[in-house]
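Structure, as structure tokens:
Within every chain, numbering begins at 1; the chains are lettered A, B, ... in the order of the sequence lines, protein sequences first and strands thereafter. Just so it is clear, the values below take in all heavy atoms, side chains as well, and ignore hydrogens, waters and symmetry mates.
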Number of protein chains: 2
Amino acid sequence: MATVVESSGLPADCYSADCPTRQVLDRIAGKWTVLIVDSLLQGTLRYTDLSRRIEGVSQKMLTQTLRSLEADGFVTRTVHPVVPPRVEYTLTPLGRSLAGPVAALRAWAEEHINEIEAARTAHTRVPR
Amino acid sequence: MATVVESSGLPADCYSADCPTRQVLDRIAGKWTVLIVDSLLQGTLRYTDLSRRIEGVSQKMLTQTLRSLEADGFVTRTVHPVVPPRVEYTLTPLGRSLAGPVAALRAWAEEHINEIEAARTAHTRVPR
DNA sequence: CCGTATCCACCTTGATACTG
DNA sequence: CAGTATCAAGGTGGATACGG
């Protein structure tokens with residue numbers, strides 16, 4: 001089951017769009033995905049709950065992101081046939097497991113953001 | 001040193017563009033950043049080395065990505081004043097440390113990509 | 001060898017209006 | 001309540017040509 005690997009640690013197909021890393025990166029890079037997943041980590045939420053919780057998201061983007069998260073198996077969508085409609089979104093085990101690497105990334109970001117901003121300052125103060 | 005946290009695990013400011021997580025996410029989400037960092041993990045490379053190694057990258061994007069990586073303190077750029085020009089790129093300690101969370105993400109992606117693709121197939125086969 | 005400069009096609013996002 | 005439809009704006013990346 002050894003995968004083909006270049007001289008670096010990166011699989012060869014990571015230059016193409018269907019590289020697993022690329023696909024996951026593109027997903028979590030979206031403006032709303034991480035916020036939605038994080039909101040659902042504690043439990044099921046309704047559509048309106050999400051839209052209130054995630055400040056600034058438009059109906060279009062919330063729906064669109066939820067739909068693709070559903071398609072990828074990260075959330076389940078449950079429609080209760082009542083009036084008024086009641087639609088609930090819940091993380092799947094896959095969705096919950098995504099929170100792991102995202103948390104690692106967040107930890108790294110918060111640990112190193114000062115260093116990054118210092119570099120930016122130093123760089124702009126000496127443009128050339 | 002306690003940071004303000006919402007009822008979820010996500011810092012409150014993660015709804016804004018200057019949230020550390022958002023900034024780092026946007027950086028590594030770029031099409032070329034991960035490939036460049038990975039290429040430089042083993043050591044210094046010249047501009048042309050990078051362009052040959054990273055198949056499909058245009059001069060514009062390679063230069064642009066390297067410049068912003070430099071501005072953020074991830075790589076150093078060394079110009080040797082000779083003819084023909086010799087410019088070398090090297091990862092800083094900060095740049096090398098970024099490889100950690102990225103590797104975690106890659107490992108997760110490769111571990112779960114089958115599950116994701118299975119979900120996609122199941123979803124398209126039952127559109128409604 | 002190592003870039004810069006321009007132009008352009010695409011894609012993502014957001015605003016707005018409407019509906020079962 | 002929980003969406004869909006449509007349109008417009010901005011940003012990202014690529015092709016191409018040229019320069020020190």
Side-chain angles (χ1 to χ4, degrees), chain A residues 14-19 22-36 39-40 44-72 75-90 127-128, chain B residues 14-19 22-36 39-40 44-72 75-90 127-128:
Chain A
C14 270
Y15 294 88
S16 81
D18 59 328
C19 155
R22 191 68 269 144
Q23 289 187 61
V24 171
L25 223 36
D26 288 341
R27 157 129 323 293
I28 66 172
K31 202 170 171 180
W32 307 110
T33 297
V34 169
L35 296 175
I36 292 176
S39 295
L40 292 176
T44 298
L45 287 176
R46 299 178 62 171
Y47 182 87
T48 307
D49 296 333
L50 281 167
S51 69
R52 263 193 298 263
R53 210 157 190 309
I54 301 173
E55 205 172 335
V57 69
S58 65
Q59 287 187 322
K60 174 187 168 180
M61 287 315 297
L62 182 55
T63 299
Q64 184 174 302
T65 309
L66 283 169
R67 287 287 190 276
S68 65
L69 285 172
E70 191 194 0
D72 285 358
V75 308
T76 58
R77 176 176 180 266
T78 309
V79 181
H80 299 271
V82 297
V83 280
R86 178 181 189 86
V87 181
E88 292 178 332
Y89 293 92
T90 309
R128 289 291 134 191
Chain B
C14 270
Y15 292 88
S16 81
D18 59 329
C19 155
R22 191 66 272 143
Q23 289 186 63
V24 171
L25 222 37
D26 287 342
R27 158 127 325 291
I28 67 172
K31 201 170 171 180
W32 307 110
T33 296
V34 170
L35 296 175
I36 291 176
S39 295
L40 292 175
T44 297
L45 287 177
R46 299 179 61 173
Y47 181 87
T48 308
D49 296 333
L50 282 167
S51 69
R52 263 193 298 264
R53 212 161 188 311
I54 302 172
E55 206 172 334
V57 70
S58 65
Q59 287 187 321
K60 173 187 168 181
M61 287 315 297
L62 182 55
T63 299
Q64 184 174 303
T65 309
L66 283 169
R67 287 288 189 276
S68 64
L69 285 173
E70 192 195 359
D72 286 358
V75 307
T76 58
R77 176 175 180 265
T78 308
V79 181
H80 299 271
V82 297
V83 281
R86 179 181 188 85
V87 181
E88 293 178 333
Y89 293 93
T90 310
R128 289 294 132 188

If the cut-off is 4.0 Å, is A:Y89 near the phosphate of D:dC1, judged by side-chain N/O to OP1 or OP2?
no
Quick one: do the B:T63 and B:Y47 side chains pair a donor with an acceptor below 3.5 Å?
yes
Quick check on C:dG3: is either OP1 or OP2 less than 4.0 Å from any side-chain nitrogen or oxygen of B:R77?
yes
Among B:D26, B:D72, B:L69, B:L66, exactly one meets side-chain contact (heavy atoms from CB on, under 4.5 Å) together with B:T33. Which residue is that?
B:L69
Using whole Å, report how far CD of B:E70 lies from P of C:dC2.
15 Å
Interatomic distance, CE@B:M61 vs CD1@B:I54, rounded to 0.5 Å, equals 11.5 Å
Report yes if at least one side-chain N or O of A:K60 is closer than 4.0 Å to OP1 or OP2 of D:dT6; otherwise report no.
no
Between P of D:dG14 and CD1 of B:I54, the distance in whole Å:
12 Å
With a 4.0 Å limit, can you tell me whether B:R67 has a side-chain N or O closer than that to the phosphate oxygens OP1/OP2 of C:dG3?
yes
Modelled atom types, side-chain donor and acceptor of B:T90 and B:R77, under 3.5 Å
no
Side-chain N or O of B:R46 closer than 4.0 Å to phosphate OP1/OP2 of C:dC2
yes
Could you tell me the separation between the CD atom of A:Q64 and the P atom of D:dT4, rounded to a whole number of Å?
10 Å
Considering heavy-atom distances to DNA chain C, does A:P85 or A:W32 have its closest nucleotide positioned more toward the 5' end?
A:W32
Closest approach to the side chain of A:Q59, judged atom by atom: which nucleotide of C:dG3, D:dA2, D:dG14 is it?
D:dA2
Distance check needed: D:dG10 C1' versus B:D26 CG, whole Å only.
15 Å
Without decimals, in angstroms, what is the distance between B:D49 CG and C:dG3 C1'?
15 Å
Between atom CG in B:L66 and atom P in C:dC2, what is the gap in whole Å?
11 Å
Check: B:I36 and B:L40 side chains under 4.5 Å, non-hydrogen atoms
yes
Donor on one side chain, acceptor on other, A:S68 and A:R27, under 3.5 Å
yes
From CG of B:L62 across to P of D:dT12 the rounded distance in Å is 18 Å
What is the distance from CZ of B:R52 to C1' of C:dC1, rounded to the nearest Å?
10 Å
Which angle, to the nearest 10 degrees, lies between the helix axes at the two ends of the helix from C:dC1-D:dG20 to C:dG20-D:dC1, each defined by five pairs?
50°
Distance-only, no hydrogens or angles: does the B:E88 side chain make a donor-acceptor pair with backbone N or O of B:R46 under 3.5 Å?
no
